[in-house]
Chemist: 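Before I ask anything, here is the structure I am working with.
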Amino acid sequence: METRKKWNHTADVDKETIEKATIAYLTTTKSSCPRCCHSLRETASPRCPECGLKIKIALDRYGPIVWFIGLCSFIVCLGISVDQIGWFTLPVIVFGNNPMPYKLILPETVGLVVFLTSVFYWWKIRQKSLLWTSTTKTIIVVCSILLPIAYFSVLFTIYMVGMR
Ligand SMILES: [Zn+2]
């Protein structure tokens, strides 16, 4: 019983500390409401006086922006895989008569598996990405832009060779 009381007390103090820290952060950074842009620099509570949005200061759960760009690159490649599989599969389903062009679906199916695995591992290294040097970050940004272009070009080349 005593322990529970103590815990509740601690929780209250923590909540108050968080609220005070939030207010202090909002005032010193001259922040504005992320929803309605109302200035929060003179707010007395961690809530927007204009629209009522509860303001929470949180650490970035998605990691640094460079890591996020890398994630987007893999997601675009996943999208290309799904799109290509659909592109070859849908006409077969609709028109029925032609045999399924497995030879043409195989590369993007392999790509789909590879990029799903990549997203899994990319997610795991998101904490390590905080330690990346600026050279590493630059390489990752460049590769993130080139990867979907390269992947699509490879698929397109395979398709052109396969159609011959
Ligand atoms: Zn607001």
Chemist: Can you tell if the side chain of Ile23 reaches within under 4.5 Å of the side chain of Pro46, non-hydrogen atoms only?
Modeler: yes
Chemist: Between Ile65 and Trp122, is there shared hydrophobic-cluster membership here, with clusters defined by ILVMFWY side-chain heavy atoms closer than 4.5 Å?
Modeler: yes
Chemist: For residues Ser32 and Cys37, report the shortest heavy-atom separation together with the two atoms involved.
Modeler: CB-O, 3.5 Å
Chemist: Hey, are the side chains of Val154 and Pro107 touching, using non-hydrogen atoms and a 4.5 Å cut-off?
Modeler: no
Chemist: Count I, L, V, M, F, W, Y as connected when their side-chain heavy atoms are under 4.5 Å apart, and connections chain through other members. Are Val113 and Ile85 then in the same cluster?
Modeler: no
Chemist: Which pair of non-hydrogen atoms, one from Leu78 and one from Leu112, has the smallest distance, and what is that distance?
Modeler: CD2-O, 3.6 Å
Chemist: Leu131 and Leu71: same hydrophobic cluster, using ILVMFWY side-chain contacts below 4.5 Å?
Modeler: no
Chemist: Hey, could you give me the CD1/OG distance between Ile149 and Ser144, rounded to the nearest 0.5 Å?
Modeler: 11.0 Å
Chemist: So, do Trp67 and Trp123 sit near enough that their side-chain heavy atoms are less than 4.5 Å apart?
Modeler: yes
Chemist: Might you point out which heavy atoms bring Cys36 and Cys51 nearest each other, and give the distance in Å?
Modeler: SG-SG, 3.8 Å
Chemist: Roughly how far, to the nearest 0.5 Å, is CG of Leu26 from CZ of Arg47?
Modeler: 13.0 Å
Chemist: Let's go through Leu147 and Phe74 carefully: what are the C-alpha distance in whole Å and the side-chain angles of both, what is the deciding distance for side chain to side chain contact (heavy atoms under 4.5 Å, CB included) to 0.1 Å, and is it a yes or a no?
Modeler: CA-CA 8 Å; Leu147 182 68; Phe74 288 130; 3.7 Å; yes
Chemist: What orientation do Phe115 and Tyr151 show, parallel under 30°, tilted 30 to 60°, or perpendicular over 60°?
Modeler: perpendicular
Chemist: Taking the side chain as every heavy atom from C-beta outward, state whether Phe152 and Val76 have any pair of such atoms under 4.5 Å apart.
Modeler: no
Chemist: Given 3.5 Å as the limit, does a donor-acceptor pair link the side chain of Ser81 with the main chain of Cys77, or not?
Modeler: yes
Chemist: Do Thr135 and Thr138 pair up side chain to side chain, a donor and an acceptor below 3.5 Å, judged on atom types alone?
Modeler: no
Chemist: At what distance, to the nearest 0.5 angstrom, does CD of Glu42 lie from NZ of Lys30?
Modeler: 10.5 Å
Chemist: Thr43 vs Cys48, test: side chain to side chain contact (heavy atoms under 4.5 Å, CB included). Steps then yes/no.
Modeler: CA-CA 7 Å; Thr43 189; Cys48 173; over 6 Å; no
Chemist: Tell me whether Leu146 shares a hydrophobic cluster with Ile140, the cluster being built from Ile, Leu, Val, Met, Phe, Trp, Tyr side chains joined at under 4.5 Å.
Modeler: no
Chemist: Please find the pair of heavy atoms, one from Pro34 and one from Leu53, that lie closest to each other, and give the distance.
Modeler: CG-CD2, 3.7 Å
Chemist: Rounded to the nearest 0.5 Å, what separates atom OG in Ser134 from atom CD1 in Ile139?
Modeler: 10.0 Å
Chemist: Can you find a heavy atom in the side chain of Pro49 that is under 4.5 Å from one in the side chain of His38?
Modeler: yes
Chemist: So which atom in Leu155 and which in Gln84 form the shortest heavy-atom distance, rounded to 0.1 Å?
Modeler: CD1-CG, 3.7 Å
Chemist: Looking at Cys143 and Ser73, what are the two nearest heavy atoms and their distance?
Modeler: O-OG, 4.5 Å
Chemist: What residue among Thr29, Thr22, Thr27 forms side chain to side chain contact (heavy atoms under 4.5 Å, CB included) with Tyr25?
Modeler: Thr29
